[in-house]
2 protein chains.
Amino acid sequence: MIIDKLFSNFDNYLPLNSAERHDLAGRVIQRKIKRRQFILQENDVCRHYTFVAEGCFKKFQVDDKGTEHNLQFAAEGDWLMEIVSFYFEKPSRVYIEAIEPSVIFQISKPDLFHLFDNNSKFDRNFRVIVENRLVETENRIFQAISSTAEERYLAFIKQYPHLLSRLPNTQIASYLGMTPEFLSKVRKDLLKI
Amino acid sequence: MIIDKLFSNFDNYLPLNSAERHDLAGRVIQRKIKRRQFILQENDVCRHYTFVAEGCFKKFQVDDKGTEHNLQFAAEGDWLMEIVSFYFEKPSRVYIEAIEPSVIFQISKPDLFHLFDNNSKFDRNFRVIVENRLVETENRIFQAISSTAEERYLAFIKQYPHLLSRLPNTQIASYLGMTPEFLSKVRKDLLKI
DNA sequence: CATTACCCTTAATCTACTTTAAGGGTATTT
DNA sequence: AAATACCCTTAAAGTAGATTAAGGGTAATG
């Protein structure tokens, strides 16, 4: 069953017993998402926490010139959200779009808060999910302000080897904060060594 | 009383009643920190969540060449932590140093978990503290990968006007990912317009 | 009071990265 | 099968920002 991927994700934190799994299953919605389909657009309110069971998404923001900048990729086993929009019901500044045909589980704010109120293990688990995300973003900031384009690309390869073959280089360049042309040069120079 | 600054910080989330304030007060340690004093060094384990009641800190990471890169400033009312180090008791990769004489409140992991276990309001509040931090870091990533040095400096002025006069430009340049010399140029060019 | 340690600025030179333009390859759609 | 939309690469020219070096100002320290 595909929902087992959701259950076993919690084994990384505080694992759920069968009653808790049942509670969770009753509160999530399973959805099939096509390639190029958006599950969140700018100015919409983010109504769900999303767990990716299969496939891959990109979360990105668009600047004044209309250029997209990827903030996060999320593949199998990853969580996705736009926190301010979700908790404060503000319009989202980001888009979330499927890069591959995907299967996700989504949970709404009322359902999530119901879980929080009935069992503090959910509070704890979702705090850890956010904490993990914070660790990733702080690492990225350090790299963005301290590394060259080549160093950032090498760090990406090391951290996300499973994504490398699945993503077009244009998307990786956007994530790493450089142009696709320059990424192409970086890759060529690395082969020479 | 200076501890009221800690209590009233929670008014931004779920405010504490007097019993909860009493519980919290019994679990935090108040410390006076001198300018240039470190409260966390690389390779030490981060044993506390820190709340800044007075003064200002910088959290930074050092690259291979020995250059410091500021990840965060924390002044009155801000929270500071090195999440991975704190929760997993791993050696910290960052330093935290006082920029001004400061007063802080610190809470250890056992004391924090005691609060979590006895009252889920603390779980909830500390989740929101981490969420707020995540929002800030995601905004910074977007700026780091999409903006010029001038745009990043203008955004900094707008977001942290209270820090501008308290920090030397060398520290701001390190936070924004540029050299102090170039920040000086950016500031000069802005005056001309 | 003298001295050292920062800190800010300016300017010349250098380089990492962007922009623009173009050509060929491979999916996706019709 | 043709047409369109992506995608990757290369290369020339342009620019944002780094590096190096130097001078002067002001705050911390003996």
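Letters A, B, ... mirror the listed sequences (proteins, then strands); counts begin at 1. Worth saying up front: this structure is predicted, and the values here are computed from it rather than measured. These values consider heavy atoms only, across backbone and side chains, with no hydrogens, waters or symmetry-generated copies.
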Problem - A:K32: side chain to side chain donor-acceptor pair (under 3.5 Å) partners, not counting sequence neighbours - result: none
Practice task
Flag the pair B:F116 / B:F113 as yes when their ring centroid distance falls below 6.0 Å, and as no otherwise.
Solution key: yes
Practice task
Could you pull out all residues at least two apart from A:R133 that satisfy side chain to side chain donor-acceptor pair (under 3.5 Å)?
Solution key: A:Q72, B:E138
Donor-acceptor pairs under 3.5 Å, side chain of residues 43-55 of chain B to any protein atom, not counting sequence neighbours: which ones?
{"unit_1": "B:Y49", "atom_1": "OH", "unit_2": "B:Y87", "atom_2": "OH", "d": "3.3"}
{"unit_1": "B:T50", "atom_1": "OG1", "unit_2": "B:Q106", "atom_2": "NE2", "d": "2.9"}

Problem - Sequence neighbours excluded, every pair satisfying side-chain hydrogen bond (donor to acceptor under 3.5 Å, both in side chains) that has a member inside residues 166-181 of chain B - result: B:K58-B:Q171, B:N70-B:Q171, B:E76-B:R166, B:E100-B:R166
Exercise for the section: Could I get the full list of side chain to side chain donor-acceptor pair (under 3.5 Å) partners for B:N12, not counting sequence neighbours? Expected result: none
Practice task
Nearest whole angstrom, please: distance from the P of D:dT15 to the CD of B:E151.
Solution key: 17 Å
Practice task
Using atom CG of A:D189 as one end and atom P of C:dT15 as the other, report the distance to the nearest whole Å.
Solution key: 15 Å
Exercise for the section: Go through residues 59-71 of chain B and report each residue with a non-hydrogen atom lying under 4.0 Å from DNA chain C, sorted by number. Expected result: none
Problem - Enclosure of A:K109 NZ (heavy-atom neighbours >12, cutoff 6.0 Å) - result: yes
Practice task
Scan residues 112-131 of chain B for pairs that pass salt bridge (charged side-chain N to carboxylate O under 4.0 Å, His left out), counting only residues two or more places apart or in two chains.
Solution key: A:D117-B:R124, A:D123-B:R124, A:D123-B:R127, A:R124-B:D117, A:R124-B:D123, A:R127-B:D123, B:E20-B:K121, B:R127-B:E131
Exercise for the section: Could you state the atom-to-atom distance from CZ of A:R152 to P of C:dA16 in whole Å? Expected result: 13 Å
Practice task
For DNA chain C, write out the stems as range with range, using runs of 3 or more consecutive Watson-Crick or G-U pairs with both distances under 3.5 Å.
Solution key: C:1-7 with D:24-30, C:9-22 with D:9-22, C:24-30 with D:1-7
Practice task
Verify the contact: side-chain N or O of A:T179 to OP1 or OP2 of C:dC17, cut-off strictly under 4.0 Å; return yes or no.
Solution key: no
Handout entry: Under 4.0 Å protein heavy-atom contact, by nucleotide of nucleotides 6-13 of chain D - B base, S sugar-phosphate only
Key = -SSBBS--
Exercise for the section: Determine which pairs satisfy ring-ring contact (aromatic ring centres under 6.0 Å, His included) with at least one residue from residues 11-30 of chain B, sequence neighbours left out, and list them in order. Expected result: none
Problem - By side chain to side chain donor-acceptor pair (under 3.5 Å) - contacts of B:Q159 (at least two apart) - result: none
Exercise for the section: Please write out which residues are connected to B:Y95 in a hydrophobic cluster, directly or through intermediates, given that two of Ile, Leu, Val, Met, Phe, Trp, Tyr count as joined at side-chain heavy-atom separations below 4.5 angstrom. Expected result: B:F38, B:F60, B:V62
Handout entry: Between C1' of C:dC6 and CD of B:E97, the distance in whole Å
Key = 13 Å
